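Everything quoted here is computed from the prediction, not taken from an experiment.
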Amino acid sequence: MPYSTICLLMKVRIVLKKRFFAVENAYLEGKLDTVFVNNQIKFLTTLSASLIKNRFLNYLEKDKSTVNKWASVYQVMCDTIPVEYNAKVYTYEPFEYDFNDVFGHKTRENLFVSKLLETRKGNCHSLPYLYKILSEELGVEANLALAPNHIYIKHRSLKEGWYNTELTSGIFSIDAWIMASGFVHVDAIANGVYMKALNNKESIALILLDLATNYQNKFPKQDGSFVLKCCDAAIRAYPNLAAALILRAETHKTLLEKETNKEKHDLLFKNLEKEYAYIHEIGYRNMPENMYLTWLVSLKTERNKYENKKLNAFNKQ
C-alpha cells in the first residue's frame, strides 16, 4: 500500500466509486475482481434506472427527479423486486445485514463493498457505501453520516428537509434513535462528530481511514509512519473525524511506549495528553461493541418508536 494510494484518493476528479475499490484492491494486493465488481455496479445501476421509469411518484416538488432516484436505489438495496427477462419473471432479492464479524475483527474483507456484492450480505460499513456509489452512478448526491460505530445516509428533500435512511434495516429512522444509543454527547453533534451530513471531501476522509486501518491490520509490525500519513490526510479533510483522531493518538501511544530517550518520551507524553483531551472535548464517547449491536437491533424491535412512517410509506410507492 504505497503512499501513492493516498495521492489517488485525494485527486479531485476521481469518482468515489474508484476510491472505495482502490482501497479494497490495495488490501487484496491487486487481486480484486474488478470485472465482477464493475458488472455488479452496472447491473444494480441499470435496475435502479428501470425502476425510475416504472414508478408513479406522488411528489410534486422541483427535486422530484432526484428524490425518485433515491427511492429507486433504496428499493434495490432493501426490497424484493419482480424482474421480467425473456418473457419470464424472476425475483430479485434485497441485500441482507450480516451479523457475522460486524467490525471486521476476523478479516477486514467483511467490511468491503466487494464482499457485499459477492455474498449479498453486508453491514453498516459496506451497505451505505454501496448506496452512495449507486446514487452517484445515477447522477445524484447521497450524504454519508456517522453515529457511534455506525454509518448511515442523510438526504435533504425540498418537502421533508433532512431525513435519515438506514440501510442495515431498511428503515427511515428518526434522530431520536441515534440519541437513544446513550453515547451521543451534545458536543459531538455541535462539533460535527456525529449526525452531520458529510460532503464528498469528508467522505474521502472515511476512505483514508479505511486505508489506514487496513494497512495496520495487514502489517501489525509496521512503524506507524504510513498510518499517521493517512490519519493526517483524513483529519485535514475532516478535522473532527473521531476515529481518525483516535487511531492517530493510539499510534502515537505505541511510539511513546518504544521511546527510550526521556526528553523525547516526556514531550510525546504531553502531546498525547493533548490529543486525548481534544477527542473528549469534541464530545466523543466510546460505545462498547456489544451495546452497539443491541442498539442496532432496537431499530427493528422498537420500529414503531423510531421509524419515520411517512417517509417509509412514501418510498414504498
Residues that [X] engages under side chain to side chain contact (heavy atoms under 4.5 Å, CB included), provided they are two or more places apart:
| X | value |
| --- | --- |
| Ala180 | Tyr306 |
| Thr80 | Thr91, Glu93, Pro94 |
| Asp232 | Arg236, Arg248 |
| Val35 | Asp33, Asn39 |

Crowding at [atom1], [X] (>12 non-hydrogen neighbours, <6.0 Å):
| X | atom1 | result |
| --- | --- | --- |
| Lys154 | NZ | yes |
| Met287 | CE | yes |
| Arg120 | CZ | yes |
| Glu141 | CD | yes |

Are the side chains of [Y] and [X] in contact, using a 4.5 Å heavy-atom criterion?
| X | Y | value |
| --- | --- | --- |
| Glu275 | Leu272 | yes |
| Asn164 | Asn308 | no |
| Asn123 | Ser126 | yes |
| Ser48 | Leu138 | yes |
| Thr119 | Asp98 | no |
| Tyr238 | Leu245 | no |

Residue pair [X] / [Y], side-chain donor-acceptor N/O under 3.5 Å:
| X | Y | value |
| --- | --- | --- |
| Lys132 | Asn200 | yes |
| Glu166 | Ser173 | no |
| Trp177 | Ser298 | yes |

Let me check something: any side-chain donor-acceptor pairs from residues 187-197 under 3.5 Å, sequence neighbours excluded? List them with distances.
| unit_1 | atom_1 | unit_2 | atom_2 | d |
| --- | --- | --- | --- | --- |
| Asn191 | ND2 | Asp187 | O | 2.9 |
| Asn191 | ND2 | Ile282 | O | 3.2 |
| Lys196 | NZ | Glu202 | OE2 | 2.4 |

[Y] reachable from [X] in the ILVMFWY side-chain graph, under 4.5 Å edges:
| X | Y | result |
| --- | --- | --- |
| Leu228 | Ile235 | no |
| Tyr152 | Trp162 | no |
| Leu256 | Ile246 | yes |
| Val73 | Val140 | yes |
| Leu255 | Phe219 | no |

Excluding sequence neighbours, so at least two apart, what forms salt bridge (Lys or Arg N to Asp or Glu O under 4.0 Å) with Glu250?
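Partners of Glu250 under the salt bridge (Lys or Arg N to Asp or Glu O under 4.0 Å) test: none.
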Report the residues that fulfil salt bridge (Lys or Arg N to Asp or Glu O under 4.0 Å) with Lys262, sequence neighbours left out, ordered by chain and then residue number.
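Residues passing salt bridge (Lys or Arg N to Asp or Glu O under 4.0 Å) with Lys262: Asp266.
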Just say parallel, tilted or perpendicular for the rings of Phe95 and Tyr92, cut-offs at 30° and 60°.
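Taking Tyr92 first and then Phe95, their aromatic rings stand perpendicular (interplane angle over 60°).
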Can you name the residues that form a side-chain hydrogen bond (donor to acceptor under 3.5 Å, both in side chains) with [X], not counting sequence neighbours?
| X | result |
| --- | --- |
| Tyr90 | none |
| Glu29 | Lys218 |
| Lys69 | none |

Going by ring pair (Phe, Tyr, Trp, His ring centres under 6.0 Å), name the pairs with one or both residues in residues 248-279, residues two or more places apart or in two chains.
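As it turns out, there is no ring pair (Phe, Tyr, Trp, His ring centres under 6.0 Å) pair with a partner in residues 248-279 once direct neighbours are skipped.
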Asp210 and Tyr27: side chain to side chain donor-acceptor pair (under 3.5 Å), yes or no, with the steps?
CA-CA 10 Å; Asp210 285 344; Tyr27 183 84; over 6 Å; no
So, using ring pair (Phe, Tyr, Trp, His ring centres under 6.0 Å) as the criterion, who are the partners of Tyr97 when residues are at least two apart?
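Phe99.
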Between Lys300 and Ile171, which heavy-atom pair has the shortest distance, and what is it?
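Smallest heavy-atom distance, with atoms named: CG-CD1, 4.2 Å.
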Aromatic ring proximity, centroids under 6.0 angstrom, His155 and Tyr131
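Yes, they do, as the ring centres are separated by less than 6.0 Å.
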Could you tell me whether Lys17 and Glu137 make a salt bridge, using a distance below 4.0 angstrom between a side-chain N and a carboxylate O?
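Counted as a salt bridge, because a side-chain N and a carboxylate O are separated by less than 4.0 Å.
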